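The first residue of the sequence shown is numbered 1, and numbering continues consecutively from there. Note that the coordinates shown come from a computational prediction; the quantities given were computed from them, not determined experimentally.
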Amino acid sequence: MTTRNRPAPVRPLAASTPTLLRTALGASLRRRRDEQGLRIVDVAERANLSVAYVSEVERGRKEPSSEVVSAMCDALGAPLAEVLREVVDALEREAARARLAELRDQARRDGRAPLRVLDLTARDEARADVRGDALPRVRSHTRFSGLALAA
């Protein structure tokens with residue numbers, strides 16, 4: 001095989017690069033398939049798709065059309081709206097965590113007081129290592145898609 005025919009290596013996304021929609025969608029579909037104990041072949045047959053294509057969608061390598069997403073959801077017995085809601089929630093959680101990291105870094109640089117960060121999805125409480133008012137003071141927790149900030 002010559003150098004010319006080799007596929008280009010896949011480069012990992014940088015840590016600061018947000019998750020792509022297709023990656024979050026593929027992860028959600030794969031998780032649902034795994035929970036049901038189905039094989040890729042089973043989903044591919046039910047959705048009338050090739051095994052290779054279903055695999056690529058699940059790995060976030062392909063950007064599926066709305067018809068393909070709908071067919072895969074039907075094959076999994078999952079409502080399309082529920083799957084899309086799950087994907088949006090995952091993307092919002094990631095964006096909120098990225099924003100919190102920015103706020104922590106900014107507060108560290110500014111030498112401000114600690115900011116408490118509550119992860120409502122896991123019901124775990126963690127104390128961020130920051131000081132000061134990285135956010136405006138609030139009387140109650142401000143919720144960011146499963147995360148809460150307490151001043």
Side-chain angles (χ1 to χ4, degrees), residues 7-108 112 114-130 132-151:
V10 177
R11 293 186 180 139
L13 296 174
S16 62
T17 304
T19 300
L20 298 173
L21 174 62
R22 68 178 186 235
T23 305
L25 178 61
S28 176
L29 293 169
R30 174 176 274 176
R31 184 190 57 74
R32 287 175 178 274
R33 179 179 60 77
D34 287 343
E35 285 176 355
Q36 295 178 26
L38 296 173
R39 300 172 304 155
I40 292 179
V41 168
D42 301 327
V43 174
E45 287 175 357
R46 291 179 187 180
N48 198 26
L49 299 167
S50 74
V51 172
Y53 191 73
V54 171
S55 174
E56 288 180 326
V57 168
E58 285 188 352
R59 289 181 290 133
R61 304 283 187 189
K62 291 289 184 185
E63 193 83 50
S65 68
S66 58
E67 290 85 2
V68 168
V69 174
S70 180
M72 289 182 71
C73 287
D74 289 346
L76 293 166
L80 176 62
E82 189 177 300
V83 171
L84 294 178
R85 214 171 290 118
E86 181 179 297
V87 169
V88 168
D89 287 347
L91 293 173
E92 285 179 342
R93 274 192 308 277
E94 180 182 321
R97 284 190 174 97
R99 179 68 179 132
L100 288 174
E102 288 174 19
L103 292 172
R104 270 186 257 162
D105 290 345
Q106 179 182 357
R108 272 191 204 115
R112 297 188 181 184
L115 173 71
R116 284 179 34 199
V117 180
L118 308 174
D119 185 341
L120 300 177
T121 57
R123 302 285 185 230
D124 291 331
E125 183 175 337
R127 193 171 288 274
D129 182 21
V130 295
D133 295 322
L135 291 176
R137 287 197 177 268
V138 291
R139 291 178 188 250
S140 62
H141 300 300
T142 304
R143 185 169 181 184
F144 290 99
S145 182
L147 296 175
L149 304 178

>> I'd like to check the salt bridge (charged side-chain N to carboxylate O under 4.0 Å, His left out) partners of R32; sequence neighbours left out, ordered by chain and number.
In response: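 Salt bridge (charged side-chain N to carboxylate O under 4.0 Å, His left out) list for R32, sorted by chain: E82, E86.
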
> Hey, what do you get for CG (L80) to SG (C73), rounding to the nearest 0.5 Å?
Replying inline: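 It is 5.0 Å, given to the nearest 0.5 Å.
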
> How long is the gap from CG on L29 to CD1 on I40, to the nearest 0.5 Å?
Replying inline: 11.0 Å

>> A side-chain contact here means heavy atoms from C-beta on lying under 4.5 Å apart; do S28 and L84 qualify?
In response: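 With C-beta onward as the side chain, the pair stays apart.
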
> Does the R30 side chain pair with the main chain of E58, one donor and one acceptor, at a distance under 3.5 Å?
Replying inline: no

> Does any N or O in the side chain of R33 come within less than 3.5 Å of the main-chain N or O of L38, such that one atom is a donor and the other an acceptor?
Replying inline: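 A pair under 3.5 Å: yes.
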
>> Please give me the minimum heavy-atom distance between A71 and A47, naming the atom from each residue.
In response: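 So the minimum-distance heavy-atom pair works out to O-CB, 3.7 Å.
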
>> If you compare all heavy atoms of K62 against all heavy atoms of Y53, which two are closest, and at what distance to 0.1 Å?
In response: CG-CE1, 3.9 Å

> Less than 4.0 Å between a side-chain N and a carboxylate O, is that true for R97 and E94?
Replying inline: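 Not counted as a salt bridge, because no side-chain N and carboxylate O are separated by less than 4.0 Å.
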
> So which of T19, L91, L20, V69 actually passes side chain to side chain contact (heavy atoms under 4.5 Å, CB included) with L25?
Replying inline: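 That would be V69.
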
> What's the verdict on side chain to side chain contact (heavy atoms under 4.5 Å, CB included) for V88 and R85, showing C-alpha distance, side-chain angles and the deciding distance?
Replying inline: CA-CA 5 Å; V88 168; R85 214 171 290 118; 5.8 Å; no

>> Please list all pairs meeting salt bridge (Lys or Arg N to Asp or Glu O under 4.0 Å) that have one or both residues in residues 40-52, counting only residues at least two apart or in different chains.
In response: R39-D42

